[in-house]
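Side-chain atoms are counted along with the backbone in the values below, which use heavy atoms only and exclude waters and symmetry mates. Labels below follow one simple rule: chain letters A, B, ... track the order of the sequence lines, proteins then strands, and each chain is numbered from 1.
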Amino acid sequence: MNHDAYDDNYIRAILNSVKSIAMVGASPVNVRPSYFAFKYLAQRGYDMIPVNPGHVGKSLLGKPFVASLGDIDRPIDMIDIFRNSSHIMPVVDEALKLSPLPKVIWMQLGARDDAAAEKAEAAGIQVVMNRCPKIEYGRLSSEISWMGVNSRTLSSKRAPIPTQGMRLSLNRMSVGGGETAASDRAAKNKSELS
Amino acid sequence: MTDRHPGFSTLAVHAGAQPDPTTGARATPIYQTTSFVFNDADHAASLFGLQAFGNIYTRIGNPTNAVLEERVAALEGGTAALAVASGHAAQVVVFQQLLMPGDEIIAARKLYGGSINQFTHAFKSFGWNVAWADSDDIASFERAVTPHTKAIFIESIANPSGSITDIEAIAAVARKAGVPLIVDNTLATPYLIRPIDHGADIVVHSLTKFLGGHGNSLGGIIVDAGTFDWSKDNKYPMLSEPRPEYHGIKLQETFGNFAFAIACRVLGLRDLGPALSPFNAFMILTGIETLPLRMQKHCENAKAVAEFLAGHPKVAAVNYAGLASDRYNNLARKYAPKGAGAVFTFSLKDGYDAGVNLVSNLKLFSHLANVGDTRSLVIHPASTTHSQLDDAAKVKSGAAPDVVRLSIGIEDKEDLIADLEQALTA
Ligand SMILES: Cc1ncc(COP(=O)(O)O)c(C=O)c1O
């Protein structure tokens, strides 16, 4: 798996297939990115589970916090890690002890740990790094186009009207290249500088 | 289905547009409305808090404008865009995100006269300073860098001179200085040059010109390349620091590689207010659908007219980068292999008066202050668009007193040449 540039089909298949998502590092503070993503994904119909030992006893949008992945009482399809790159490995180690194993481990925008990704992939888990599932869902459904964002998809089909709680079609034709080429260059520029 | 890479012409027609969800309308509707109803109180709060994607009020966003934004972002290879009321509005909104009083930008001297005015006078009143550099001398950009420098601004093809800028060389200076490179790509359009492919971090346009293309609608746009890390130091607090106007949200952390476009919308457009009319967005979108066809014709005609003028006994010099003899021809071959654009200047052997005569004798060319119309246009920059500069600055910006500027349209080239011929001999 090339973790510098994902094929849209890879992301699309993940978002189309997973149902339950445990969000590690979910915050109840309503200006944090994790709160935005949690709320959005819950509204799109995913079974969201907030994981944060600091908030056990409280709930996030009606979903009770759990302290750790091991405390979740049902199979988890995807783990969305809202932690810095340096905190990824212990979460992956914990995920690898689950039975059944999660199908997907997703690391949030800005988070990347290639060693942890390799470990998860060796166990047959799909990995996404340095992406936000809310942004990717909004992009592939073109809902994010309201914000002038380049969805890199085209469609000649009538779009469904986005309403609360509705799953949107992600099956648009992808325009590869665009953003990934630019973000590759940004990464390259950064490594050239350092 | 595997990921495909649709070509430029496909994107020019389709990107951003989809049949209307409610009516099935295939052309993009003009959403001529100020405001949009919320589903409920929570939806309203989510939209105002930037938690949900959606429409609130046309000063902040509009579905017709959004199609235009996505289309231009796709054509430029950027992550997102923001449409505004004019090219000048785009520049103000961009710099408001980057500059605090006392900060500096470095700008190429060869710029549209209106941009020179904006930077020199309006920006000065905001406490933003400009250091001028010479695009033909890359080291002059390097020498201009100071600890206060926050951005570098150039035009890909300069107005009025039609000269081609070495974008990659200046991008390297910007990268070394740790500041974004902003490219005004108005005269090239993404059909001829895609500055992001050459290292630009932000692209701005006056949509009024070739993108709209029909001389009927003002507009401007800002494209975010998604390449700049705004949080690596605290030079760009609008993007890296908690925003008090949104209860402490950090824009880059929340929006990743399209945070700059979001900042321009939710801080710049929201607070400064230069919103684009959805009607203008519709006109410009319709123009963009034929951009590739028009640019081919504009460039083919421009080259033919430039060649005709270069061979005319009354003409002293023609500055068109598409001519093999032009000093910018190598740069044109590198950056604009499909054509060197359709705006260029020439001068007459009999000087200023002959230029004035020529303008009044033309019958098909229109004498007006615009470029990038289907119609061919002519103007004398030194007495109009660049009149506020002193003589030395006029020469440096490519608008010397004896220079006439043409913007070549998409008429039949034989008719344009015949009009120039009769006006030169009249
Ligand atoms: C290169 C360039 N940039 C910016 C502008 C300003 O655009 P507007 O007139 O849409 O504000 C112009 C207008 O002539 C231009 O030619």
Segment of [X] engaging chain A (4.5 angstrom heavy-atom cut-off):
{"X": "B:Leu68", "value": "neither"}
{"X": "B:Arg26", "value": "side chain"}
{"X": "B:Ala25", "value": "neither"}
{"X": "B:Asn62", "value": "neither"}
{"X": "B:Ile262", "value": "side chain"}

Among residues 51-65 of chain A, those lying within the under-4.5 Å heavy-atom range of chain B are none
Of all heavy-atom pairs between A:Ser155 and B:Gln18, which one has the smallest distance, and what is that distance?
OG-NE2, 3.6 Å
So, for B:Leu50 and A:Phe36, which heavy atoms are closest and what is the spacing to 0.1 Å?
O-CE2, 3.3 Å
Enclosure of A:Glu121 CD (heavy-atom neighbours >12, cutoff 6.0 Å):
yes
Chain A contacts, top residue of [options] (heavy-atom pairs, under 4.5 Å):
{"options": "B:Leu82, B:Thr23, B:Val223", "value": "B:Thr23"}
{"options": "B:Gly256, B:Gly61, B:Ala74", "value": "B:Ala74"}
{"options": "B:Asn55, B:Thr10, B:Asp20", "value": "B:Asn55"}

With the side chain counted from C-beta on, respond yes when B:Leu11 and A:Leu154 share a heavy-atom pair under 4.5 Å apart, and no when they do not.
yes
Do B:Tyr246 and A:Val31 have side chains that approach each other closer than 4.5 Å (heavy atoms only, starting at C-beta)?
no
Contacts of A:Ala111 that satisfy side-chain contact (heavy atoms from CB on, under 4.5 Å) - sequence neighbours left out:
A:Ser85, A:Ile88, A:Met107
Taking side-chain contact (heavy atoms from CB on, under 4.5 Å) as the definition, give me every residue that meets it alongside B:Ser46, ordered by chain and number, with sequence neighbours left out.
A:Lys39, B:Asp42, B:Gln51, B:Ala52
Kindly state each residue pair satisfying ring-ring contact (aromatic ring centres under 6.0 Å, His included) with at least one member in residues 98-127 of chain A, sequence neighbours excluded.
none
Backbone N or O of A:Ser151 within a donor-acceptor pair of the B:Glu70 side chain at under 3.5 Å?
yes
Donor-acceptor under 3.5 Å (B:Glu69 side chain, A:Val149 main chain):
no
